**Q** 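Below is the structure I would like to discuss, written out as structure tokens.
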Amino acid sequence: MTNLEIAELLRKVAAAYLVLNENRFRIIAYERAADSVEHLTSEVKDMWDDGKLEDIPGVGGGIASQLNELFRTGKSKHWNEVLSQVPQAIFPLLLVPGLGPKKAYTLVTELKLKDANTVIPDLEKAAKAGKIAPMEGFGDKSQSVILDSIAIYKRGQIKENRMPLPYADEIARELIAHLKKVPGVIRVDALGSLRRQVSTIGDIDIAVATDKPEPVISQFVKFSHQKIVDQGGSGATLLLSNGRQADLRVQSQKAYGAMLQYFTGSKNHNIRLRELALTKGMSLSEHGIKSVRTGKLTKYATEEAFYKAIGLSYISPELREDRGEIEASRNGTLPKPIMLDDMKGDLHVHSSYDLEPSHDLGKNSVAELMTKASDLGYAYLGFSDHNPGITNHSKEKIIDIMKRRREKYEQLYTSWKNSVQKRTRLAEDSKSRRAQYFLMCEVDILPDGKLALPDEALEYVDAVIVSVHSSFTQPKAQTTERLVRALTSHPKVRILGHPTGRLLGSREGIDADWKEVFTVAKAHDIALEINAYPERLDLPDTLVYDAVKMGIRLCIDTDAHAVEHMDLMRYGISVARRGWASAHDIVNTLEYNEFYKWLARKS
DNA sequence: GCCGTTTTCGGCCCGACTGTTTTCAGTCG
């Protein structure tokens, strides 16, 4: 069962409990657990394997024991029993915007809609026949709203899948530019999961600081949309033309710090924070902090002041996931998250040099990539082209290709260096801005764990990145053994590339015992890659968190296949920050000499 | 059902908006 399926099941149980008028805190507990599971980046099943279900925020003994039964036997008797007490037809209706468990229940019972498979068209028919308006608690307006919502639902225009972070960035940029045109706008920020830099984004959340809300809100609802979901004096919600939802909140500049904090979330972080504040007699909201005793509201212009008022040091948005950051802030043990400026090199770029690989070549030349590395202020660049294909080359041929490659790269680098020197002969700092290179190779880990490059060929590289590019669905034990074998196969193996092999939205990662793989990586001083390529963002942040806790080295690479991809480093930084990584956890923050020592195992 | 620097019992985040209502329930984030 995937996390999404588990979250859906927990939500169904919560909905059933709501219909059954069960204790409201039990319902909230299920919803909180569902949220938590949905946003988890490691698989619940893996956590069950490790006996760590109760490490999931919001999952305690009760839910954990049902999950245990679910994984063991394929079902939970207790949850099935709960679900069977309500009409099954209510569940599809929950996907229609504006319909929750109570309304859905009233509709299916009063209108006698029994078939879960046809309940949505059946409800549409009833609405068109005017049968909803006379019902108690409904009216003409709600009848037509239901019809509109069903129409949107049927067009399939509500995107349920989350999108990779960079795509959401693009939409947010357009929205921000649109809002900045309004006079009186002091600040516009993308908040929510975007500001927390989560790898995949559902809705786009935007906040505006202004003393004149009305023109901002009316400009917002002019942005290309298919529906205004709601609109009020402090914000609005749109269903955009592309099927994504966008939320706007406006706040005065004086109280903007509280708004930033509230609207950045995560939800569970905010709940935890508000619970803590209550113990100190403070009630938190997007308007500021209210004294429970006197009811007096204090406003905060900055988040730093807001956190300070609760007795906490500032917590970076990427850390706000209820993973212990509030306690760490209190104890002064928060990490100092890595920054883009800390990076001294990129170890995983593909050039257009053709070594007859089994996978794709890069688009740009060695010179173009070196120039880009220098422009980015890097001290070094690692060329990690894919190994030559093994099905169409003999072993001797592969060794020959790798040998010639070494010679050719040396020529290409020297001629680039000379041309740079010629152009900048007069510039004082020209030498310090010239990046150096490492000749590496990205070597396939074959299904049995052997490397797709003979040992003799490894003589012609400084180091290799090993990566899985095939057989993604092997059983867990086999995959684990495969990775361990690859990591321990040769001293020049220094980096495990995009470790899980996931592709966001299209491919699950491989299933491995990560704790065991990490233990081997640590013992052999092999760095785990955080691949910044937008569809990868791999290692996932939760595994980064585990790796950092274990004291394993990481490296952040772009896997660039073109010069412009080298700008994507910042997304890898986001993943690292979300995993509580500091500069000292990341091997390619080392200066050239130190890094060279690490790469060549001379330290 | 979860959870703990006042607690293993007794609390449980906070507010906006909408529609159908004369004070509130439902839904959402």
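As the structure is a computational prediction, the values presented were derived from the model and not from experiment. What's counted below: heavy atoms across the whole structure, side chains too, no hydrogens, waters or symmetry copies. First the proteins, then the strands, lettered A, B, ... as listed; each starts at 1.
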**Q** So which atom in A/Thr109 and which in A/Pro87 form the shortest heavy-atom distance, rounded to 0.1 Å?
**A**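 Smallest heavy-atom distance, with atoms named: CG2-CG, 4.3 Å.
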**Q** Taking only the P atom of each, what is the distance from B/dT22 to B/dA16 in whole angstrom?
**A**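 Rounded to whole Å, the distance is 22 Å.
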**Q** Considering every strand shown, what is the Watson-Crick or G-U wobble mate of B/dT8 when both distances are under 3.5 Å?
**A**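 Per the H-bond distance test, none.
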**Q** B/dT8 and B/dC3: how far apart are their C1' atoms, nearest whole angstrom?
**A**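 Taking atom C1' in both B/dT8 and B/dC3, they lie 9 Å apart.
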**Q** Just compare B/dT5, B/dC14, B/dC2 and give me whichever is closest to any side-chain atom of A/Arg274.
**A**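 Of the candidates, B/dC14 comes closest.
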**Q** Could you give the CD1-to-C1' distance, from A/Ile310 to B/dC13, as a whole number of Å?
**A**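 Between C1' of B/dC13 and CD1 of A/Ile310: 12 Å.
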**Q** Using the ring of A/Tyr17 (Phe, Tyr or Trp, six-membered ring only), decide whether A/Arg26 places NZ or CZ under 6.0 Å from its centre and within 45 degrees of its axis.
**A**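 Output yes; distance and angle both within limits.
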**Q** Please classify the nucleic acid contact of A/Gly265 as base, sugar-phosphate, or nothing, using heavy-atom distances under 4.0 Å.
**A**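 The answer is nothing, as A/Gly265 stays clear of every strand by at least 4.0 Å.
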**Q** Side chains of A/Leu4 and A/Glu38: closer than 4.5 Å at any heavy-atom pair?
**A**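 Yes, their side chains come closer than 4.5 Å.
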**Q** Could you work out the separation of B/dT23 and B/dC28 based on their P atoms and round it to a whole Å?
**A**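 Straight-line distance between the two P atoms is 26 Å.
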**Q** Any idea which of B/dT27, B/dG15, B/dG29 is nearest the A/Lys290 side chain?
**A**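 In terms of side-chain proximity for A/Lys290, the closest of B/dT27, B/dG15, B/dG29 is B/dG15.
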**Q** May I ask you to decide if A/Leu537's main-chain N or O and A/Arg502's side chain share a donor-acceptor pair within less than 3.5 Å?
**A**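 Indeed, once roles are kept as given, a pair shorter than 3.5 Å links the two residues.
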**Q** Take atom P in B/dC2 and the same atom in B/dC13, then report the distance between them in whole Å.
**A**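 The same atom, P, in both gives a distance of 15 Å.
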**Q** Can you tell me the distance, in whole Å, between the CD1 atom of A/Ile90 and the P atom of B/dT27?
**A**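 Atom-to-atom, A/Ile90 to B/dT27, this comes out as 10 Å.
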**Q** With P as the reference atom in both, quote the distance from B/dG15 to B/dT20 in angstrom, rounded to an integer.
**A**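 Going atom to atom, P in each nucleotide, I get 26 Å.
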**Q** Over all strands shown, is A/His269 touching base, sugar-phosphate only, or nothing at heavy-atom distances under 4.0 angstrom?
**A**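 Result for A/His269 = nothing.
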**Q** Would you call the rings of A/Trp79 and A/Tyr30 parallel, tilted or perpendicular, taking 30° and 60° as the class edges?
**A**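 The arrangement is perpendicular - the two ring planes meet at more than 60°.
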**Q** Find the distance A/Leu238:CG to B/dC28:C1' and express it as a whole number of Å.
**A**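 Rounding to the nearest Å, CG of A/Leu238 and C1' of B/dC28 are 15 Å apart.
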**Q** Okay, side chain of A/Ser142, backbone of A/Phe138: is any donor-acceptor separation there less than 3.5 Å?
**A**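 Pair absent, no side-chain N/O of A/Ser142 close to backbone of A/Phe138.
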**Q** Using the P atom in both, what is the distance from B/dC9 to B/dC14, to the nearest Å?
**A**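 Between the two P atoms, the distance is 25 Å.
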**Q** Quick one: closest heavy-atom pair of A/Asp122 and A/Leu113, and the distance?
**A**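 Between these two residues, the closest heavy atoms are CB-CD2, 3.8 Å.
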**Q** Which residue lies toward the 5' end of DNA chain B, A/Arg26 or A/Leu284, if each is placed at its nearest nucleotide?
**A**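 Comparing both residues, the 5'-ward one is A/Arg26.
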**Q** So with a 6.0 Å cut-off around CD of A/Glu69, is the heavy-atom count from everything else above 12?
**A**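 Yes - once you tally the heavy atoms of other residues, nucleotides and ligands closer than 6.0 Å, there are more than 12.
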**Q** Round to the nearest Å and state the distance from A/Tyr262 atom OH to B/dG15 atom P.
**A**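 My rounded result for the distance is 10 Å.
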**Q** Could you tell me the separation between the NZ atom of A/Lys280 and the P atom of B/dC13, rounded to a whole number of Å?
**A**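 From A/Lys280 NZ to B/dC13 P: 17 Å.
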**Q** Between B/dG1, B/dG15, B/dC3, which one does the side chain of A/Ser285 approach most closely?
**A**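 Out of B/dG1, B/dG15, B/dC3, the nucleotide with an atom closest to A/Ser285's side chain is B/dG15.
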**Q** Write down the distance between CD1 (A/Ile289) and P (B/dG15), rounded to a whole number of angstrom.
**A**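 So the two atoms are 12 Å apart, to the nearest Å.
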**Q** In the 5'-to-3' direction, what one-character label does each nucleotide of nucleotides 17-26 of chain B receive under the scheme B = base within less than 4.0 Å of a protein heavy atom, S = sugar-phosphate only, - = no such atom?
**A** SSSS-----S
**Q** Can you figure out which of B/dG15, B/dG1, B/dT27 approaches the side chain of A/Glu286 most closely?
**A**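 That would be B/dG15.
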**Q** Could you tell me how far B/dA25 sits from B/dT21 if I compare only their P atoms? Round to whole Å.
**A**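 Per the computed distance, 13 Å lies between those P atoms.
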**Q** Using whole Å, report how far CE of A/Met259 lies from C1' of B/dG29.
**A**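 Checked: the CE to C1' distance equals 12 Å.
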**Q** Mind checking whether A/Trp580 and A/Tyr545 have parallel, tilted or perpendicular rings, split at 30° and 60°?
**A**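 Ring orientation, 0 to 90° scale: perpendicular.
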**Q** Do any side-chain nitrogens or oxygens of A/His287 fall under 4.0 Å of OP1 or OP2 in B/dC14?
**A**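 Negative; the distance criterion is not met.
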**Q** Write down the distance between CZ (A/Arg272) and P (B/dC14), rounded to a whole number of angstrom.
**A**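 Rounding to the nearest Å, CZ of A/Arg272 and P of B/dC14 are 14 Å apart.
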**Q** Might you confirm whether atom CZ of A/Arg173 has over 12 heavy atoms from other residues, nucleotides or ligands at distances under 6.0 Å?
**A**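 Check passes, neighbour count above 12.
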**Q** So which one's nearest nucleotide on DNA chain B is more toward 5', A/Gly62 or A/Asp247?
**A**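 By nearest-heavy-atom nucleotide position, the 5'-most residue is A/Gly62.
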**Q** Which pairs of donor and acceptor atoms, one on a side chain in residues 197-206 of chain A, lie under 3.5 Å apart (sequence neighbours left out)?
**A**
from, atom 1, to, atom 2, distance (Å)
A/Gln197, OE1, A/Ser574, OG, 2.5
A/Gln197, NE2, A/Leu194, O, 2.9
A/Thr200, OG1, A/Arg162, NE, 3.2

**Q** Indicate for each nucleotide in nucleotides 7-12 of chain B, in 5' to 3' sequence, whether protein heavy atoms under 4.0 Å reach the base (B), only the sugar-phosphate (S), or nothing (-).
**A** -----B
**Q** Picking from B/dG29, B/dG1, B/dC13, which would you name as closest to the side chain of A/Gln245?
**A**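 Closest nucleotide among those given: B/dG29.
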